[in-house]
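One structure below.
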Amino acid sequence: MNISILNGRLIDPANGIDDFLDLHIQGQQVLAVGTAPEGFEAQETIDASGCIVCPGLVDIAASLRDPGPGRIDLASETAAAARGGITTLVCTPDTQPVIDTPAVIELIHRTARKLRRTRVLVAAALTQELDGQQLANMAALARAGAVALSNARRPLANTLVERRALEYAATFGLTVMLRPEDPHLRAGGCAHEGAVATRLGLPGIPSCAETVAVARDLALAEHTGARVHFHALSTAGAAGQLREAQAAKLAVSADVAAHQLHLTEMDIEGFDANCHVSPPLRTLADREALRQAVADGTIAAICSDHQPHELDAKEAPFPETAPGISGLETLLALTLRLVDEGVLSLTEAIARVTCGPADLLGLPYGRLGAGSPADVCIFEPDTPWTLRRSALYSEGRNTPFEGWEFEDQVTHTLFNGRVVYRRDARNPA
Amino acid sequence: MATDRRQNIQLTPDGRLRHFLTIEGLSRELLTHILDIAESFAALPGRPVKKVPALRGRIITNLFFENSTRTRTTFELAAKRLSADVLNFNVSTSATAKGETLLDTLRNIEAMHSEMFVVRHSQSGAAHFIARHAAPGVSVINAGDGRHAHPTQAMLDMFTIRRHKGDFTPLRVAIVGDILHSRVARSQILALNTLGVTEVRVVGPRTLIPTEARALGVHVYHDLDEGLRDVDVVIMLRLQKERMDGALLPSESEYFRLYGLTNKRLEAAKPDAIVMHPGPMNRGVEMDSEVADGPRSVILQQVSYGIAVRMAVMSLCMQTHAEEREEA
């Protein structure tokens, strides 16, 4: 099908474009930007007057729980992604069973292809069963399409295993995504070890649980030559360590979860389990340092760190609740809020959720040049809406942003040249 | 933002006590009011057995997810003095072991028409969680949640201090020992500061003092002699045996040498300083027997005052609900 998106403001950071340009799509690809080629006939035109047209979002860390028990699955979560303007998801390996065999990767790819709502890529397990002991069959996983390796939220306790895992991954040029956290320093913690957790008597996770791990991981990255990506930084210290390592030309990158740029330890006040996340919400100073690192490009990607949970996972005393936020439907809104707050320019904000994350993993997405996959997000600025937990498409309703007002509304999401979400339609495609 | 969670759910909009979950957010006037009511009940033990009919026909449930004979017993006695009927649930040994969730347990007991839950739980925030999910008209009293709060213990300690010292404002108070894991210390610190004491000190090794302790409104001391200098009240905290395992302390003997209270060390405090301990005490670890049984010790008074203070808190919460029912 041929589609023309007309009259919108096209922002494509990868190609340095911010202009009122039309976008013409033929089949699954972008055919042209600007004037339609001679003879091109659109079967559908989308009037994007007053809207911003940008590449579909690339979210490099989302837990999708499929395969796995429960109601949360690829069908519900890809619908949520499409609604959030996300066209490429990198799924973390903490499924049941764990993504440590090519068969699980094929299953996910096949299911996602059938659903046709968003591209689902896989970060496969770094160690078998994520046990932190036995290396996963990385070459086979890469052949099956894994775009990175990760131990999900289970940090490697054994430094020798980590060294071997990085060396082995480096053999095949694979990127390793690490969640830097020293499990011993984390101990039984569930909140940032700071003033609020001290007052509430919540077992703390010190900042050094992250910085100790980053220091160790950086030393091992340098030693092994592996390509290391840090997932979900939470501390000012880690942002500083990363900046120094990049200045020393080490091939390391990082992302931050969108909620980490807006919430702080103060938000757990009253034992709000929806603000129980891992890594924990930290201080205002940490949040400012993370924002700064996102602004100067040290942190090149903002991700959802999507952790959808069934209702009862948050229905318990705070320390016993499952950590995480259902983040797919707030990734764009929270990122664009940084523009309103003067942290990022609009182009930078879009870059951090499109070409930024795509480039980290060497993916050809998050851009809209001729010949690129036709993954497009169209949103309407200055159109206030209020987030309602009950209205989420995700089966995970665990969000602390209930009642927040956002300014930008996704009107259309196109994936591979098909409209997969329309705001004004009763049902998503 | 989740503003609803930040409101003090233990108070009605006009500031009456609906639940008793933490000292945090309660005014000096309210704390003083609780102490005054407790004072009126405290006269009772000297007289022949006398009950007040305040809560006749009401059902109070002790919901203990963590064992504590002592606290449960004083709550039970307090409830009976108020003429209430008491149900005891030791949940650690029953339902949750069979996989029942906390909410299921709560709903089941609510179905028995209990109007008040006295809750003890090993996790911080458990009492808030139960209060948030309890049916309207049900009060929750926190009898200790994780490391967070133990407000009735703190109030009976305040009661003890007031009985012996009168005015709070000139007092310097030292709390000695495992502050990090202590819900009692957190509630005491809040209560002492709300009641306007001159200074609250915490004394202990760095492994047992939270890194952000100053945010609690205390001065931190690592040397016992310095920490006790010129204080009016010394509160010794219980040292859990398992603290030796987590590399928090090398040994009980070293702890006693550094932080154990002896008559000699007590000389640094004011001559009329009183010594308190929330119990149960490890003699020879936190405190020498000569201090525990000595003239400065008010440890046994603390226990007997506990009943009056709990009666005060229970009757206040029940009264709020009765008033709310009438208004509705």
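By convention in this document, chain letters (A, B, ...) are assigned in the order of the sequence lines, proteins followed by strands, and residues within each chain are numbered from 1. Since the model is a prediction, treat every value here as computed from it, not as a measurement.
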Quiz prompt | Test item: B:R147 side-chain N/O and A:T198 main-chain N/O as donor-acceptor pair under 3.5 Å | solution = no
Quiz item: Is the closest side-chain donor-acceptor distance between A:E193 and B:T211 under 3.5 Å?
Solution: yes
Quiz item: Side chains of A:P317 and B:D145: does their closest heavy-atom pair fall under 4.5 Å?
Solution: no
Self-check item: Greater than 12 external heavy atoms within 6.0 Å of B:R214's CZ
Solution: no
Quiz item: Any side-chain heavy atom of B:E212 within less than 4.5 Å of one from A:H192?
Solution: no
Practice problem: Determine whether A:L202 and B:S124 make a side-chain contact, defined as any pair of heavy atoms from C-beta on separated by less than 4.5 Å. | Solution: yes
Quiz item: How far does CZ of B:F129 sit from NZ of A:K314, to the nearest 0.5 angstrom?
Solution: 12.5 Å
Quiz item: Between A:P203 and chain B, which part of the residue has a heavy atom less than 4.5 Å away: side chain, backbone, both or neither?
Solution: both
Quiz item: Does B:H148 have its ring centroid less than 6.0 Å away from the ring centroid of A:F271?
Solution: yes
Quiz item: Roughly how far apart are B:Q123 CD and A:T321 OG1, rounded to 0.5 Å?
Solution: 9.5 Å
Quiz item: Relative to chain A, which segment of B:H181 carries a heavy atom at a distance below 4.5 Å: side chain, backbone, both, or neither?
Solution: neither
Practice problem: Any chance you could measure B:L102, atom CG, to A:E320, atom CD, to the nearest 0.5 Å? | Solution: 7.5 Å
Quiz prompt | side chain to side chain contact (heavy atoms under 4.5 Å, CB included) assessment of B:E24 paired with A:R199 | solution = CA-CA 9 Å; B:E24 194 179 348; A:R199 189 158 38 77; 2.5 Å; yes
Quiz item: Is atom CZ of B:R107 surrounded by more than 12 heavy atoms (other residues, nucleotides or ligands) closer than 6.0 Å?
Solution: yes
Self-check item: Portion of B:R183 that has a non-hydrogen atom of chain A nearer than 4.5 angstrom
Solution: neither
